[in-house]
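Just the heavy atoms: all of them, side chains too, but no hydrogens, waters or symmetry mates, feed the values below. Within every chain, numbering begins at 1; the chains are lettered A, B, ... in the order of the sequence lines, protein sequences first and strands thereafter.
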Amino acid sequence: MAMEDSNSLIEQRRAKLAALRARGIDPFRNKFTPTETCAEARTHYAEGREVAVAGRITAHRDMGKSMFLDVRDQTGRLQVYAQKNVLGDELFDVFRHLDLGDFIGAKGTLFTTRTGEISIKLTSFVILAKALRPPPEKWHGLADTEIRYRQRYLDLMSNPEVKEVFLKRSRIITEIRNFLAARGFVEVETPMMQAIPGGAAAKPFKTHHNALGCDFYLRIALELYLKRLLVGGIDRVFEIGRNFRNEGLSRKHNPEFTMLEAYQAYGDYETMMELVQSMICHVAQQVLGTLRIEHKDAAGNVTRTIDLTPPWRRIKYKDIVRERAGADWFEISPEQRRERAVALGAEIAKEYEDFEVTQAVFEKLIEPTLIHPTFVTHAPKELIPLAKLSPEDPSTVEVFECCINGQEIAPAYTEQNDPIEQRERLEHQAGGEQQKLDEDFLIALEHGMPPAGGMGMGIDRLCMMLLGQESIRDVILFPQLKPK
RNA sequence: GGGUUGGUAGCUCAGUCGGUAGAGCAGCGGCCUUUUAAGCCGUUGGUCCGGGGUUCGAGUCCCCGCCAACCCA
């Protein structure tokens, strides 16, 4: 923001800053070491115990010759009580002119007020950082969605429930790592800049490398590099990282989003089913302490309850389609399927192939209804070119889509490891535009990749499900917005 | 890309039929040494998102644009 962006409040604070300096006070101290956090001071309460805490001033109640301040750090709030006869006239005057948003370090002794609140009786304080701009309003918090997203720090400082979401997101990812590490998975990092973006059907972002004199694409999936590592002998491997897809933005889509992919040699899609179920239950139990997830509306009424208690429902793709679209769905003619899909309310584009008509029915009419965890297995082979055919029904592949909260959360396959088969499937990949083949990936397969199960999981959507957020922007700290 | 809603003080929001721009919080000044959305008294603060148009007169009506949220594609 430009320097000339100013108003009377900012000017007043700048004047206060100058006044502090004129009194020989440094309003931006290099260091102050608290003895503990606000929460710790509260937990380890003992009347008269000396403590030093640091944090941001979030409220003040001026009583004349004494004054209450709320100081907040990451762990919570602690009330500070200052008295004129303790600090002396001059320091008390400085204290009285502190602003909401300023950081201070406060030393004093713990006591409990008449109303029962644990507080610090101040003996001394230092200003650690002067805030030159006013914080958002204290009671309503920050409501303007645009400011909340563009200046997330304001959202975090004034809306505690928003901060809670992001602290929990961090713990979710930590628990995913703990779970996978306990099972012997190795975490790796693979290229985000790729000459040929593969592993999914999505439009990539393009960038240019000056020294190499060539274009690269930002990755759209992790898959093909992780499989190279299976070839290389890392039998249990995973990566948590950002994917980039140059497509529309919505409540469910951000151009960059976080993906977990994990591969296990000598496993298959059923191995991954157990992995996904156990992992999500582990995370929910560790972070939320429950397997029953409640989503609430703005008024606090429960709008949806998701029950993660295992075992999760398993159903074949064809069976769930038959449930919704008619038992004879796969017996009628493609033209009839098309007509019925439209009658059921699915949007069917002219150029759709037959399997895409069925997929549209699945995506529009079935997936949104899958609130409790459901493994939809054995999708038609045309949909997924990187999976192995099912021996019992070779028109389908050994895959599942794990749907929770009406969204795809985690797809998984028995991974294709036949290089000749793989080449053919990629060459005939569904979706129209022929993407360039990643020849190096196919060469890697020709060196031999062990049979393996693989899974991907949209971390943002997982967080939405677990944390009861209806928009992906509310689980991404800095969602993509158009520059102003 | 299409539709709907919104953009007014630092923040949260009112603003009637087109007729001098409002409140609460925050700020500033005063009173108050256990308050906690502290209280009481006084008070400052506006490019009404931007640009055109209609009109004697536009925050308000019309057109174009920008940004955001939601819905649809």
Worksheet item: How far does the P atom of B:C28 sit from the matching atom of B:A38, given to the nearest Å?
Response: 15 Å
Worksheet entry | Closest listed nucleotide, where the reference is the side chain of A:Asn7 and the choices are B:G10, B:A68, B:U12 | B:G10
Discussion item. Testing the basics here: between A:Val399 and A:Ala379, what is the closest heavy-atom pair and its distance to 0.1 Å?
Written reply: CG2-N, 3.5 Å
Worksheet item: Could you give the CG-to-C1' distance, from A:Leu156 to B:C11, as a whole number of Å?
Response: 17 Å
Discussion item. Closest-nucleotide mapping onto RNA chain B: is A:Gln83 or A:Glu470 further toward the 5' terminus? I mean the 5' end.
Written reply: A:Gln83
Worksheet item: What about A:His97 and A:Phe92, are their ring centers closer than 6.0 Å?
Response: no
Worksheet item: Which one, B:U12, B:U34, B:C32, comes nearest to the side chain of A:Ala143?
Response: B:U12
Worksheet item: How far does the P atom of B:G6 sit from the matching atom of B:C63, given to the nearest Å?
Response: 15 Å
Discussion item. Using whole Å, what does the distance between atom P of nucleotide B:U33 and atom CG of A:Leu122 come to?
Written reply: 18 Å
Item to complete: Assign A:Lys121 to base, sugar-phosphate, or nothing according to its heavy-atom contacts below 4.0 angstrom with the strands shown.
Response: base
Worksheet entry | For atom CG of A:Asn85 and atom C1' of B:U34, their distance in whole Å | 13 Å
Worksheet item: How far does the P atom of B:C41 sit from the matching atom of B:C56, given to the nearest Å?
Response: 46 Å
Worksheet item: Reckon A:Phe111 touches a base, only the sugar-phosphate, or nothing at all at heavy-atom distances under 4.0 Å?
Response: base
Fill in: Closest nucleotide among B:U34, B:C11, B:U33 to the A:Arg114 side chain
B:U34
Discussion item. Strictly below 4.0 Å: does A:Arg251 bring a side-chain N or O up to OP1 or OP2 of B:C70?
Written reply: no
Worksheet item: NA contact type, A:Leu9, heavy-atom cut-off 4.0 Å: base, sugar-phosphate, or nothing?
Response: base
Worksheet item: Which is true for A:Arg148 with a 4.0 Å heavy-atom rule: it touches a base, it touches only sugar-phosphate, or it touches nothing?
Response: nothing
Worksheet item: For the residue pair A:Phe125 and A:Phe95, does the interplanar ring angle fall in the parallel (under 30°), tilted (30 to 60°) or perpendicular (over 60°) class?
Response: perpendicular
Response to the item:
Between CZ of A:Arg150 and C1' of B:C66 the distance, given in whole Å, is 11 Å
Worksheet item: To the nearest Å, how far apart are A:Met157 CE and B:C11 P?
Response: 13 Å
Worksheet item: In whole Å, what is the span from the CD1 atom of A:Ile57 to the P atom of B:C25?
Response: 20 Å
Discussion item. Restricting to non-hydrogen atoms, name the atom on A:Asp474 and the atom on A:Val165 that form the minimum distance, rounded to 0.1 Å.
Written reply: O-CG1, 3.5 Å
Worksheet item: Quantified in whole Å, what is the C1' atom distance between nucleotide B:U47 and nucleotide B:A58?
Response: 15 Å
Discussion item. Using a 4.0 Å heavy-atom cut-off, does A:Glu117 contact any base of the nucleic acid, only the sugar-phosphate backbone, or nothing at all?
Written reply: base
Discussion item. Within the 3.5 Å criterion, strictly below it, is a donor on A:Arg42 or A:Gln79 matched to an acceptor on the partner's side chain?
Written reply: no
Worksheet item: What nucleic acid atoms does A:Leu481 come within less than 4.0 Å of, heavy atoms only: base, sugar-phosphate, or nothing?
Response: sugar-phosphate
Worksheet item: What integer number of Å spans the C1' atoms of B:A9 and B:G53?
Response: 28 Å
Item to complete: Any chance you could measure A:Arg148, atom CZ, to A:Asn159, atom CG, to the nearest 0.5 Å?
Response: 6.0 Å
Discussion item. Students often get this wrong, so: under 4.0 angstrom with heavy atoms, is A:Gly141 touching a base, only sugar-phosphate, or nothing?
Written reply: sugar-phosphate
Worksheet item: Paired with B:A14 by Watson-Crick or G-U wobble geometry, both distances under 3.5 Å: which nucleotide is it?
Response: none
Worksheet, complete the sentence: NZ of A:Lys121 to OG1 of A:Thr123, rounded to nearest 0.5 Å, is 11.5 Å
Practice prompt. Quickly work out the A:Ile120 CD1 to B:U33 P distance and round it to whole Å.
Written response: 22 Å
Practice prompt. Kindly give the heavy-atom pair with the smallest separation between A:Pro204 and A:Leu218, and that separation in Å.
Written response: CB-O, 4.1 Å
Fill in: Rounded interatomic separation in angstrom, taking CG from A:Asp144 and P from B:G10
13 Å
Worksheet entry | Base-pairing mate for B:G39 - Watson-Crick or G-U, with both contacts under 3.5 Å | B:C31
Practice prompt. Please check the phosphate of B:C70 (OP1 and OP2 only) for any side-chain N or O of A:Arg473 closer than 4.0 Å.
Written response: yes
Fill in: Aromatic centroids of A:Tyr269 and A:Tyr413 separated by under 6.0 Å
no
Worksheet item: If we take the C1' atom in both B:U60 and B:A69, what is their distance in whole Å?
Response: 23 Å
Discussion item. Of the options B:C70, B:C67, B:U34, whose atoms approach the side-chain atoms of A:Ser471 most closely?
Written reply: B:C70
Practice prompt. Determine the contact category for A:Ser158: base if any of its heavy atoms lies under 4.0 Å from a base atom, sugar-phosphate if only primed atoms, P, OP1 or OP2 are that close, otherwise nothing.
Written response: nothing
Practice prompt. Provide the distance between the two C1' atoms, one in B:C66 and one in B:G52, to the nearest whole Å.
Written response: 15 Å
Discussion item. Reading RNA chain B from 5' onward, which residue's closest nucleotide shows up sooner: A:Glu146 or A:Thr115?
Written reply: A:Thr115
Worksheet item: What interatomic distance, in whole Å, is found between C1' of B:G15 and the corresponding atom of B:U20?
Response: 14 Å
Item to complete: Summarise protein proximity over nucleotides 37-44 of chain B in one line of letters, 5' to 3': B for base, S for sugar-phosphate only, - for none, counting protein heavy atoms closer than 4.0 Å.
Response: BB------
Worksheet item: For A:Tyr317, which of A:His378, A:Glu401, A:Gln359 qualifies under side chain to side chain donor-acceptor pair (under 3.5 Å)?
Response: A:Gln359
Worksheet item: Which is true for A:Arg13 with a 4.0 Å heavy-atom rule: it touches a base, it touches only sugar-phosphate, or it touches nothing?
Response: nothing
Practice prompt. Could you please name the partner base of B:U5, counting Watson-Crick and G-U wobble pairs only when both distances are under 3.5 Å?
Written response: B:A68
Worksheet item: Is the shortest side-chain N/O distance from A:Lys16 to OP1 or OP2 of B:C28 below 4.0 Å?
Response: yes
